[in-house]
Number of protein chains: 2
Amino acid sequence: MKAANAYSADCPTRQILDRVGDKWAVLILLLLRGEPLRFNVLRRAIEGISQKMLSQVLKSLERDGLIRRRATPTVPVTVEYSITPLGATLAAAVDPLRDWAERNLKEVLTAQRRYDAQRKAMAA
Amino acid sequence: MKAANAYSADCPTRQILDRVGDKWAVLILLLLRGEPLRFNVLRRAIEGISQKMLSQVLKSLERDGLIRRRATPTVPVTVEYSITPLGATLAAAVDPLRDWAERNLKEVLTAQRRYDAQRKAMAA
DNA sequence: CTGCATCCTTGTCGATACTG
DNA sequence: CAGTATCGACAAGGATGCAG
């Protein structure tokens, strides 16, 4: 009931959370689930991501074996990113979370307002 | 406006991901699922978290309505954190992710080694 | 025991410019 | 088109000390 279910620094949950914790990574994974996409298509699909971040995260996802990069030597080059079977299983595991977000965001926002209002009242 | 399946900055998925992206928050949520816990118990259960971070994240979780804080006016004061029904549903949504982590961490690590080895070979 | 305030180091990330 | 390189601003996060 206590120390038994502690979370050591190297437990799988924490290692994966470090990656899923990257919001960009998850968004990319979800987008690629539908079909392979090109660099600039992803860039435009994800509002606010910089080209540096996109490049970085794509590389990281490829390293983890979650997506695959395929360059075709046209001029100029075109590069397609696609999800791997492993990546697809992760995306599926993220689905419940996305569903939860859509169903409960409003309630979370309400709780925040309540909390803030109460704190403000106490300050006064 | 954006493409049909783009992720705008204010979509629920991104807002929740910003919170779940906090690895500490998720760990705390999972720990509290079992039973209410005190501050220092949590601190010890989560290897490597600083007291500052713990304090910060707990407050944030409370604000979001995901956990509840209850102080009993003993001397010295003792504080218990417990999960709310809303928080419990989020924890449940995170479960598939934790399962995925445990089942697939090894494969991810393998992919990383493969990737690194290949890059090293190309550098040479 | 449970925190908040302060300082300070470190890393993160956007902006910009340039290459194949 | 698809990146890499560099710089600088900014914020996250650890350490410490103090308070309720």
Side-chain angles (χ1 to χ4, degrees), chain A residues 2-3 7 9 14 17-28 31-32 35-63 67-82 115-116 118-120 122-123, chain B residues 3 7 9 14 17-28 31-32 35-63 67-82 115 118-120 122-123:
Chain A
K2 65 280 28 254
Y7 286 107
R14 281 181 62 167
L17 243 34
D18 279 347
R19 295 164 198 291
V20 175
D22 185 340
K23 59 176 176 178
W24 300 126
V26 175
L27 294 178
I28 291 171
L31 278 172
L32 288 182
E35 57 188 337
L37 294 175
R38 306 240 308 270
F39 187 88
N40 278 325
V41 175
L42 283 168
R43 185 153 158 49
R44 281 187 294 270
I46 304 177
E47 187 180 345
I49 193 171
S50 69
Q51 142 238 61
K52 178 185 178 178
M53 283 314 294
L54 180 55
S55 173
Q56 215 169 82
V57 175
L58 284 172
K59 199 182 296 185
S60 163
L61 285 172
E62 189 196 0
R63 187 171 107 99
I67 67 173
R68 178 165 33 246
R69 177 186 188 278
R70 225 190 44 193
T72 57
T74 55
V75 180
V77 274
T78 70
V79 180
E80 252 195 6
Y81 291 93
S82 57
Y115 181 92
D116 294 342
Q118 191 169 4
R119 287 210 97 213
K120 189 180 170 194
M122 295 177 73
Chain B
Y7 286 109
R14 281 180 63 167
L17 243 34
D18 278 346
R19 296 164 196 292
V20 175
D22 186 339
K23 58 177 176 180
W24 301 125
V26 175
L27 294 178
I28 291 172
L31 279 171
L32 288 181
E35 59 187 335
L37 295 175
R38 303 241 312 271
F39 187 88
N40 277 326
V41 175
L42 282 168
R43 184 155 160 48
R44 282 187 293 272
I46 304 176
E47 187 180 344
I49 193 171
S50 69
Q51 148 236 62
K52 177 185 180 179
M53 282 315 294
L54 181 54
S55 174
Q56 217 169 79
V57 175
L58 285 172
K59 195 183 300 183
S60 163
L61 285 172
E62 190 197 0
R63 186 170 108 99
I67 67 173
R68 177 165 34 245
R69 178 185 188 277
R70 225 189 44 194
T72 57
T74 54
V75 179
V77 61
T78 69
V79 181
E80 251 195 7
Y81 292 92
S82 57
Y115 182 92
Q118 191 169 2
R119 284 208 101 218
K120 190 180 167 192
M122 294 178 73

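Chain letters run A, B, ... following the sequence lines, proteins first and then strands; every chain starts at 1.
To the nearest angstrom, P of D/dT4 lies 12 Å from CE of B/Met122. Distance B/Leu54 CG to D/dG13 P: 13 Å, rounded to the nearest Å. Here D/dC18 presents its C1' atom at 15 Å from NZ of B/Lys52, a figure rounded to the nearest Å. Remark: C1' of D/dA2 and CE of A/Met53 are 17 Å apart, rounded to the nearest angstrom. Regarding A/Glu80, its CD atom lies at a distance of 15 Å from the P atom of D/dC1, rounded to whole Å. Here the C1' atom of nucleotide D/dG13 and the CH2 atom of B/Trp24 are 10 Å apart, to the nearest Å. One interatomic measurement links the two molecules: NZ of B/Lys23 to P of D/dA12, which rounds to 14 Å at whole-angstrom precision. The separation between A/Leu42 atom CG and D/dA2 atom C1' is 12 Å, rounded to whole Å.
Between B/Leu54 and B/Ile28, the shortest heavy-atom contact is CD1-CD1, 3.6 Å. When all heavy atoms of A/Met53 and A/Trp24 are compared, the closest pair comes out as CE-CD1, 3.9 Å. For the pair A/Val26 and A/Val20, the tightest heavy-atom approach, listed with the atom from each and the gap, is CG2-O, 3.4 Å. Between B/Thr78 and B/Arg38 the shortest heavy-atom distance is CB-NE, 3.8 Å.
Partners of B/Val79 under the side-chain contact (heavy atoms from CB on, under 4.5 Å) rule, at least two apart in sequence or in another chain, are B/Arg69, B/Ala71, B/Val77, B/Tyr81.
In this structure the side chain of B/Leu61 never reaches within 4.5 angstrom of the side chain of B/Leu32, judged on heavy atoms.
Base contact: A/Val77 has a heavy atom under 4.0 Å from a base atom. At a threshold of 4.0 angstrom between heavy atoms, the contacts of B/Arg43 with the nucleic acid are absent.
The residue among B/Arg44 and B/Gln56 whose nearest nucleotide of DNA chain C lies closer to the 5′ end is B/Arg44.
Between A/Arg38 and D/dC1 there is no side-chain polar atom (N or O) within less than 4.0 angstrom of OP1 or OP2.
Nucleotides of DNA chain C that come within less than 4.0 Å of any heavy atom of chain A span, from the 5' end to the 3' end, C/dC13 to C/dG20.
A salt bridge (charged side-chain N to carboxylate O under 4.0 Å, His left out) check over residues 42-58 of chain B, counting only residues at least two apart or in different chains, returns nothing.
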